[in-house]
Amino acid sequence: MHQSDSANRGTWNSKLGFIMAAAGSAVGLGNIWAFPAKAADNGGAIFLMVYLASCFAIGLPIMIAELVIGRHTKKNPVGAFRTLNGGWFPPLIGFWGLICGVMILSFYLVVAGWTAGYVLEEAFFFAGFPEWATWFGDLENGPKNAIFSVLFMLGTIVVINAGVSNGIERATKVMMPALFLILLAMIGYVLTLPGAMEGVYVYLKPDFSELTGQVVFSALGQSFFSLSLGMGALITYGSYLSKKQNLAESAFYVTITDFSVAFLAGFLVIPAMYVAMGQGIQIFTPDGNLVAGGQLVFQVLPAMFHSMETGAGVLAGVAFFILLGLAAITSTISLLEVPVSYVVDEHGWSRKKAAWTIGGVIAVLSVVISFDTGLIGTIDLVFNSIGLPLGGIMICVFLGYVWKTQNAILELEHGFEGIHGSWFKPVWTVFIKYICPLLIGSVFVTTVYGLFS
Ligand code: PHE
């Protein structure tokens, strides 16, 4: 086995650069495509509340755990666990993360491809070519899906090849602020439309009778996916961090950014849903389920853009889907970076060879899914909803009982001088050792048992 010299590994150029890159990994289709649909399907405000709690009480402590493991070992997830403990089991936590990442990326590319298709759908719709618009907007169109998924993979590989600070850091620094601005502008527009306020009400006023085990399971899984946790993306990003960075503070900024984008996306899509209902579009089935399911965003937003019937509609539609595509690419980068860093560190491959080979294999998987989009639900259930929280539990147990929180605290001390006297130290320790694993474990056991029984 080959171990590349850790001095040759990339590093982030600046504190802000890292936060942007990690926030770029976190902010993606999870926030804008998945979150609003899950919120709409699970009672709106009640989902939002459980999601908020899950991001900060479970996601944030685990994000700090991943970063500290990564920075301390300067390794990919498999190598990181192996460095901290010589046993046979710890590296498997890393491998499980690698597998989840590969499978998530394979369907993520297809959904990212949908956003690119919709850029053209909007453009052709307004240019007066409805048949073309329909072709590009058809989510089941296999050849179109395949072309766009592969294009997304190519874009991802190009950025990965450019390296950590030149590629990943530079790309995300521009895309993230742009995304924030366009979301705000669109919310401003939606709120002027008739019916929007009803959506705001559903989104912000909780109905506690809707709180069920399914809501909690869904919100928990969504927080892992959205914060890029449980599969080692942040171990990998942490491995490029300098000792000067305060990991706890950085993780807090990433979590709050990610939560804010999801919150804003819900603020856009749920009111837009009620506007669309007012226009006669069927959103819910008679028994209260979403007609479009996870495809809600692709149903509701184009309807709204089309109803604008002006140049502003094209512009908003095209700009929105371009930005959604850019948000997706900062996430696909982090998904691919995990297996790439593994073969670079552990098997001595060059970055280029690693990116093309692994990227190529995942692109093939995404082509298969392109022709059978029904696979997305199954892969999502196994490798995301179940896979990531499972990874999260293993990371907590490993850090709390194998590597031990005292050792992690010594690493966290770099960049966080006051840690020993602060409330952070006991609170984080209790969350990692007890609260997170127990909470995830209990939600998990009850729901997974329910799923299969
Ligand atoms: N966080 C990304 C999103 O919300 C998806 C992702 C998951 C990225 C896991 C990396 C690792 O879209």
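Both counts, for ligands and for their atoms, begin at 1 and track the order of listing.
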Exercise. Pick from Leu268, Val269, Leu181, Leu323: which one makes a side chain to side chain contact (heavy atoms under 4.5 Å, CB included) with Met186?
Worked result: Leu268
Problem set entry | Pair Asn141, Asn145: side-chain N/O donor-acceptor within cut-off below 3.5 Å | no
For this session: Mind running side-chain contact (heavy atoms from CB on, under 4.5 Å) on Leu388 and Met231 for me, showing each step along the way?
Result: CA-CA 6 Å; Leu388 299 184; Met231 46 75 69; 3.5 Å; yes
Exercise. Is Tyr401 reaching over with its side chain to a backbone N or O of Lys433, donor-acceptor style, under 3.5 angstrom?
Worked result: yes
For this session: Would you please classify the geometry between the Phe267 ring and the Phe263 ring as parallel, tilted or perpendicular, with 30° and 60° separating the classes?
Result: perpendicular
For this session: Enumerate the protein residues lying less than 4.0 Å from ligand 1, judged by heavy-atom distances, in chain and residue-number order.
Result: Ser25, Ala26, Gly28, Leu29, Gly30, Asn31, Tyr108, Phe225, Ser226, Ser228, Met231, Ser331, Ser334, Leu335
For this session: Find out whether the Lys NZ or Arg CZ of Lys38 is both under 6.0 angstrom from the six-membered ring centre of Phe47 and within 45° of the ring's axis.
Result: no
